[in-house]
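Structure, as structure tokens:
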4 protein chains.
Amino acid sequence: MAQREVRRQQILDRARDVFAKKGYHAAKIDDVVAAAGVARGTFYLYFHDKRSIFEELVSRFFHRIAIAVSRIDVDQPIAPQITANVSAVLDVFGSDPGMAKIILTDAIGLDVEFDRRLLAFYADIEALLTSSLEEGQQLGIVHPGDKRVLAHFLLGGLKEVLLQLTHAPVPVDKAAVVRDMYAILSRGVLTETPRTRSKTAVKRKSARS
Amino acid sequence: MAQREVRRQQILDRARDVFAKKGYHAAKIDDVVAAAGVARGTFYLYFHDKRSIFEELVSRFFHRIAIAVSRIDVDQPIAPQITANVSAVLDVFGSDPGMAKIILTDAIGLDVEFDRRLLAFYADIEALLTSSLEEGQQLGIVHPGDKRVLAHFLLGGLKEVLLQLTHAPVPVDKAAVVRDMYAILSRGVLTETPRTRSKTAVKRKSARS
Amino acid sequence: MAQREVRRQQILDRARDVFAKKGYHAAKIDDVVAAAGVARGTFYLYFHDKRSIFEELVSRFFHRIAIAVSRIDVDQPIAPQITANVSAVLDVFGSDPGMAKIILTDAIGLDVEFDRRLLAFYADIEALLTSSLEEGQQLGIVHPGDKRVLAHFLLGGLKEVLLQLTHAPVPVDKAAVVRDMYAILSRGVLTETPRTRSKTAVKRKSARS
Amino acid sequence: MAQREVRRQQILDRARDVFAKKGYHAAKIDDVVAAAGVARGTFYLYFHDKRSIFEELVSRFFHRIAIAVSRIDVDQPIAPQITANVSAVLDVFGSDPGMAKIILTDAIGLDVEFDRRLLAFYADIEALLTSSLEEGQQLGIVHPGDKRVLAHFLLGGLKEVLLQLTHAPVPVDKAAVVRDMYAILSRGVLTETPRTRSKTAVKRKSARS
DNA sequence: GATGAATGAGTGTTCATTCAT
DNA sequence: GATGAATGAACACTCATTCAT
């Protein structure tokens with residue numbers, strides 16, 4: 001049986017709770033094993049050390065995000081794709097508030113190596129976003145401007161909203177949040193005429209290739 | 001003479017460097033006193049403990065930001081005020097990249113009490129922003145929508161851009177960054193007709209009061 | 001069937017390899033069971049604990065040495081008996097370099113109880129040697145002197161040479177080593193006239209007393 | 001004041017006692033600090049880690065031995081030089097029975113790196129001895145034979161006698177021990193005609209060069 | 001005031017041994 | 001018997017803080 005995986009997951013889950021509650025440094029291995037209801041040594045049967053379980057939590061969560069979002073297809077209407085993605089990300093964060101808190105507050109500052117990986121992940125997302133924006137600019141559906149500044153601004157805005165949502169004492173109307181964010185995004189970076197977009201896009205696209 | 005203050009400032013400055021370079025947890029008191037060129041015990045003559053010097057650094061920096069920004073006067077043209085404020089914040093962060101790094105990456109996750117204060121500060125800023133946005137909405141110069149979501153989004157976007165600017169290996173064109181951010185902001189949250197704003201504003205304002 | 005004994009021996013053999021390679025403390029039970037290809041728990045089915053398997057290895061090896069050497073018969077020519085014994089000991093050590101290494105480097109310093117036993121074994125050998133030397137002195141074929149110092153010196157010399165032989169990167173000419181050691185021994189402790197030994201011995205003895 | 005050195009020495013001395021009594025592995029830092037009457041942390045103010053204090057003890061002791069022995073001058077009478085050296089080594093060991101026990105029983109098997117250094121030290125001594133023996137053989141005052149075997153044998157014999165002396169419950173007549181060892185040595189490796197040695201030596205020496 | 005030696009609670013990790021399956 | 005997951009005592013080492021000089 002996949003007993004091993006069950007145990008592993010149990011420890012991961014409890015560790016997530018502890019990390020979320022106390023933060024990486026204040027979370028002690030003792031807290032984790034107490035929460036998981038296992039002996040100290042058992043922890044080390046499943047994870048190499050404290051940092052590695054934290055890393056695993058983080059990378060698993062990032063993976064969930066990565067598979068939740070779809071690449072924007074510029075030949076299809078943009079708006080629903082963006083809102084769907086934002087909504088999906090909100091769902092992932094909402095489904096695991098513990099990890100959300102960890103990712104958004106604790107994830108930086110552990111050690112140089114870990115930070116490097118984390119920043120690399122964000123850099124990937126940002127690169128994705130940047131290239132999408134660039135494509136959008138070439139298609140004329142995104143306002144001009146430094147695409148990296150745009151990308152950072154959007155990413156930062158999203159992260160902060162996610163953080164506040166996660167911390168929110170009362171449940172929030174997710175759909176309204178998505179709508180509001182999209183409104184800023186749409187007015188802020190997209191040009192006025194999305195209607196004629198798809199045709200033009202096809203043309204330009206074939207022209208480019 | 002304010003010898004005491006000089007010494008204190010010297011330690012603060014070096015501590016900032018150390019915190020910026022290593023992060024709060026990896027920064028040891030030893031590193032700080034070594035950098036400051038004082039004895040271990042001397043540190044405790046000026047600061048109660050490690051956390052308190054960090055807190056002081058953070059709150060001083062927040063203070064600098066607070067005095068750098070001016071409240072938006074809706075009777076005056078909005079755009080230059082916003083860009084001036086954003087520019088001022090960029091200047092403050094740019095003038096002290098060490099503190100910028102600390103604020104933007106390390107400041108959360110130390111301990112519950114510290115986090116509370118920090119979040120309170122951000123909450124203040126956010127409240128300011130929220131009330132400005134609300135006022136703007138009432139004046140019809142800000143698009144409708146949940147003003148807290150707006151506030152978080154804008155704040156988050158600003159923070160992320162600041163972080164990237166601080167980390168940027170190459171110097172960036174600050175004016176261009178301000179322009180790009182203002183463009184998003186202006187198109188994203190402001191309505192189309194800022195021209196007629198001031199009069200209407202006066203009217204509505206007087207109507208309200 | 002002696003299945004049990006086969007298994008036991010298999011573990012013993014692999015444990016010896018591991019102890020020889022890593023030394024007692026650095027050798028982990030995990031290493032031993034991995035080398036033996038059995039489960040952790042199985043080890044404890046055959047041996048009470050880590051120390052006891054080590055003890056068994058050591059005492060078995062000592063036993064092999066003990067049965068390899070013959071007591072010196074002073075009524076027979078001495079030289080070939082000594083060289084035969086030295087050669088036999090060299091053979092035993094040579095046949096099991098792993099145990100040789102263990103005995104000669106690791107065997108002391110584990111814990112008080114183990115050390116006591118080990119020292120007791122060496123004390124036995126030394127007593128044997130001492131009594132042989134004493135007999136030899138009485139027969140006049142061994143130079144006078146403190147027989148315990150003699151015994152220790154010879155034993156220590158032998159041990160060191162064995163150690164070096166075991167560690168030697170290149171194969172050594174065992175016969176030559178035996179010859180060289182015997183030469184020192186013979187010249188160093190035996191008197192000049194082994195041929196006429198028994199008679200002369202009696203004479204000298206009466207002369208001395 | 002050399003307060004620091006005093007403290008350091010105090011810890012070294014107590015550590016030596018503890019290592020001698022319990023052996024390296026059974027000796028805990030707690031035992032050392034308890035014996036030294038200092039706090040746990042104080043230990044680490046003076047020594048980098050457990051191994052390094054052990055290393056320092058060992059290398060200091062080796063240094064004491066190294067400066068206690070004089071190189072044999074073949075143009076001078078050999079016997080007194082050898083006995084003086086043996087006697088000096090006996091004195092060093094006798095003056096510090098704790099270190100003697102450590103060196104002679106514990107020093108091997110800690111870790112690969114430490115063993116390497118230790119064996120290198122012994123290799124140096126052995127090289128010294130080997131070259132002395134070779135010189136002696138060329139001068140005709142040392143019997144032929146593999147000089148490394150000779151060297152190991154002598155060294156091993158000496159080590160064992162030292163160990164037994166150190167462990168001896170009753171005080172021993174050091175002079176007698178030296179005499180007995182020299183007797184074996186002299187008869188065992190030196191040729192019969194030390195009388196004509198010095199002249200011949202000078203001649204052969206000049207002849208060689 | 002300044003110093004830096006001393007402190008000791010705290011923590012991650014190891015590993016011999018046990019025991020339910 | 002065999003297994004290997006679980007255990008938890010033990011230990012080296014860290015570092016913020018104190019205090020005698």
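Chain identifiers are assigned alphabetically (A, B, ...) following the order of the sequence lines, protein sequences preceding nucleic acid strands; residue numbering begins at 1 within each chain. Heavy-atom basis, side chains included; hydrogens, waters and symmetry copies ignored.
Taking atom CD1 of A:Ile53 as the reference point, atom C1' of E:dG12 lies 14 Å away to the nearest angstrom. Remark: P of F:dA5 and CD of A:Gln10 are 15 Å apart, rounded to the nearest angstrom. The distance from atom NE2 of C:His25 to atom C1' of F:dA12 is 15 Å, rounded to the nearest whole Å. The nearest whole Å value for the distance from the NZ atom in B:Lys50 to the C1' atom in F:dT14 is 12 Å. When rounded to the nearest whole Å, the span between CD1 of C:Ile11 and P of F:dT3 equals 9 Å. Rounded to an integer number of Å, the gap from C:Ile29 CD1 to F:dT3 C1' is 16 Å. The separation between C:Asp49 atom CG and E:dT18 atom C1' is 13 Å, rounded to whole Å. Following rounding to the nearest Å, C:Phe47 (CZ) and E:dT18 (P) show an atom-to-atom distance of 16 Å.
The residue among D:Ala27 and B:His48 whose nearest nucleotide of DNA chain F is located toward the 5' end is D:Ala27. Mapping A:Thr42 and A:Lys28 onto DNA chain E by nearest heavy atom places A:Lys28 closer to the 5' end of the strand. DNA chain E is contacted by both A:Phe43 and B:Val38; B:Val38 maps to the nucleotide lying nearer its 5′ end (nearest heavy atom per residue).
The cationic atom of C:Lys50 (NZ for Lys, CZ for Arg) lies less than 6.0 Å from the six-membered ring centre of C:Tyr24 and within 45° of the ring axis.
Pairing of E:dT11, defined by two Watson-Crick or G-U wobble distances under 3.5 Å, is identified with F:dA12. In this structure, F:dA2 forms a base pair with E:dT21, meeting either the Watson-Crick or the G-U wobble geometry with both donor-acceptor distances under 3.5 Å.
Salt bridge C:Asp31/C:Lys21: absent, no basic N to carboxylate O contact under 4.0 Å.
Side-chain proximity of A:Leu45 to the nucleotides E:dA16, E:dT13, F:dA5 is greatest for F:dA5.
For A:Arg40 and E:dT13, a side-chain-to-base donor-acceptor distance below 3.5 Å is present, hydrogens and geometry of angles not being considered. A donor and an acceptor atom never sit less than 3.5 Å apart when one is taken from the side chain of A:Arg4 and the other from the base of F:dG4.
Judged by distance alone, the side chain of D:Ser59 and the main-chain N or O of D:Glu55 form a donor-acceptor pair under 3.5 Å.
OP1 or OP2 of E:dT14 has not a single side-chain nitrogen or oxygen of A:Tyr44 nearer than 4.0 Å.
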Open item on the list: Please evaluate residues A:Val58 and A:Phe121 with respect to the criterion side chain to side chain contact (heavy atoms under 4.5 Å, CB included), reporting the C-alpha separation (whole Å), side-chain torsions for both, the decisive distance (0.1 Å), and the verdict.
Closed with: CA-CA 11 Å; A:Val58 170; A:Phe121 180 84; over 6 Å; no
Open item on the list: Apply ring-ring contact (aromatic ring centres under 6.0 Å, His included) to residues A:Tyr122 and A:Phe62 and explain how you reach the verdict.
Closed with: CA-CA 10 Å; A:Tyr122 278 123; A:Phe62 276 146; 5.7 Å; yes
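In this structure, C:Arg7 reaches the sugar-phosphate backbone alone: every heavy-atom distance under 4.0 Å involves primed, P, OP1 or OP2 atoms, never a base. Contacts of C:Tyr46 with the nucleic acid, taken as non-hydrogen atoms under 4.0 Å apart, involve only primed sugar atoms and P, OP1 or OP2.
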